[in-house]
Amino acid sequence: MKAVIMAGGEGSRLRPLTIRRPKPMVPVVDRPAIVHIIELLKRHGITEVVITLQYLASVVQEYLGDGSGFGVKIHYTVEDSPLGTAGSVRQGIEWLDDTFMVISGDALTDFDLSKAIRFHKEKSSMATIVLKRMPNPLEYGVVIIDDEGRVKQFQEKPSWGEVFSDTVNTGIYIIEPEIFKYYEAGQVFDFSNDLFPILLEKGDPMYGYVADGYWCDVGSIPDYMRSCGDYLSGQVDLPRLGHEAEPGSGIWVEDEVEIARDAQITGPVFLGAGVKINSGATVRGPAVIRDFSIIDTRATIDRAIIWRNCYVGERAEVRGAILQTQVNVKPQAMIFEGAVVGDGTIVGTGSVIHPNVKIWPSKEVESGATVTSSIIWGSQGRRNLFGRWGVTGLVNVDLTPEFAAKLGAAYGGVLSKGTSVTVNRDSHYTPRMIK
């Protein structure tokens, strides 16, 4: 049996994690999400896969290659423009001449796929939807099945008033190739919105299999943080890299990890290859520190996720935040809950990044700066507004109409009632806009 891994998503809700990589390549603790899916498929005897790509396709192709390094055989299809879930799968029709599985490359799950496949064959189903019972089904497609498991009704992302079931569509399907007769190659077509309603209308056998086990759609920053924490705490039954430093400690390490004797580490924690934890540093789980990152003297890492090749300086603190690859956090800087610092960013000495701030890749936060809003455009988080020539910066990057309004309000706040203010500008259109 073969599987199709859908890996074309942009992951817009995960930005800036997905600025330089597609969603399936975002690492969930010790591996990219798509590699966790490959490991799950191998466990259930599926070793030939078709991967559908669109956004940053080359990143996946370069990492996985032909699949031999991961114990599978991989075929690729690349969409020039999005074709929908079913449309993208049809591009691999030359390899899909028998029953096949469709699975998302950006979810984290340990479902028993073998049981789902047996259920599909026992029911002689044309399409079987793998379902999961969820306490809050609002973010998912809801499906209702009868006592035999036959699908009776479904609805994509209902409101509370429309919820009629707690069984949600996980995006894992077992499908017979006969479904391809219902739509053409190159046609924009979706499984949930287009194909399944056709099967329901025509009375083709379509069943839902309610699976036990862990499943999380890694679709947002909070979901990503939660899935990493669940994986670290052992809630996800998937192969893990490295070994436990001491039985029961919850501290998993790969090769050549260096931990100072007086460093304090409280699990669950994952330390990738070549990680260094220097003297007096504190790491409190759930926390991830990936390959070749350095946590310097008396720095504090608390419930944080740190990707490859990062440096966290002396007495710096990273609490509940995400640092992407090659982030340089200078001494005594502080980064708080929900913040995300993009690839290659420098966070200056003594600077503070407030909760939920997102900093896009390759930015520089000046020493002593306090960052209270996300940095998307431009290159710097600045400490001082006023320099030698007053307030200066790039128009529509540093100097926006919103910034001008805030500056005017601050200026007005120090003036007494009835004061006159003169505003002057030259003839250029940019000062006209700001005025």
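Just so it is clear, the structure is predicted and the values come from calculations on it, not from any experiment.
Taking the six-membered ring for Trp and the full ring otherwise, the centers of Tyr209 and Phe111 sit at least 6.0 Å from each other.
Residues His44 and Ser114 have side chains that bring a donor and an acceptor to within less than 3.5 angstrom of each other. For the residue pair Asp237/Tyr214, the side-chain donor-acceptor check at 3.5 Å is not satisfied. Side-chain atoms of Asp262 and Ser279 form a donor-acceptor pair, as typed in the model, at a separation below 3.5 Å. Inspection of the Ser12 and Glu10 side chains reveals no N or O donor paired with an N or O acceptor under 3.5 Å. Between the side chains of Asp66 and Ser68, at least one donor N or O sits under 3.5 Å from an acceptor N or O.
Put simply, the side chain of Lys363 never gets that close to the backbone of Val341: no donor and acceptor are under 3.5 Å apart. With hydrogens and angles ignored, the 3.5 Å screen pairs a side-chain donor or acceptor of Arg90 with a backbone N or O of Tyr183. Judged purely by atom type and a 3.5 angstrom limit, Thr297 has no side-chain atom pairing as donor or acceptor with the backbone of Asn278.
Under 4.0 Å is where a charged nitrogen must lie from a carboxylate oxygen, and between Asp343 and Arg21 at least one such pair does.
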Name every donor-acceptor pair, under 3.5 Å, that has one atom in a side chain of residues 280-294 and the other anywhere in the protein, sequence neighbours excluded.
from   : atom 1 : to     : atom 2 : distance (Å)
Arg290 : NE     : Val29  : O      : 3.0
Arg290 : NH2    : Asp30  : O      : 3.4
Asp291 : OD1    : Ala273 : N      : 3.1
Asp291 : OD2    : Arg308 : NH1    : 3.0
Ser293 : OG     : Arg290 : O      : 3.4
Ser293 : OG     : Trp307 : O      : 2.8
Ser293 : OG     : Asn309 : N      : 3.3
Ser293 : OG     : Cys310 : N      : 3.0

Please output the side-chain donor-acceptor pairs of residues 72-86 that fall under 3.5 Å, not counting sequence neighbours, one pair per line with the distance.
from  : atom 1 : to     : atom 2 : distance (Å)
His75 : ND1    : Trp95  : NE1    : 3.4
His75 : NE2    : Glu48  : OE2    : 2.7
Tyr76 : OH     : Gly65  : O      : 2.6
Glu79 : OE1    : Leu83  : N      : 2.7
Thr85 : OG1    : Asp190 : OD1    : 2.9
Thr85 : OG1    : Phe191 : N      : 2.9

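At a threshold of 4.5 Å between non-hydrogen side-chain atoms, the residues Val327 and Ile306 do not count as touching. Looking at heavy atoms from C-beta onward, Ser367 lies out of side-chain contact with Lys330 at the 4.5 angstrom threshold.
Closest of all the heavy-atom pairs between Arg15 and Ile221 is O-CD1, 4.5 Å.
Rounding to the nearest 0.5 angstrom, the gap separating the OG1 atom in Thr18 from the CD atom in Gln324 is 8.5 Å. Residue Arg240 holds its CZ atom at 14.0 Å from CD of Glu39, rounded to the nearest 0.5 Å. One distance of note links CZ of Arg303 with CZ of Arg319; it measures 7.5 Å at 0.5 Å rounding.
Heavy atoms from other residues, nucleotides or ligands lying under 6.0 Å from NZ of Lys42 number more than 12. Counting heavy-atom neighbours within 6.0 Å of Glu256 CD, excluding the residue itself, gives a total of 12 or less. No more than 12 heavy atoms of other residues, nucleotides or ligands lie within 6.0 Å of CD in Glu246, so this atom counts as exposed by the packing criterion.
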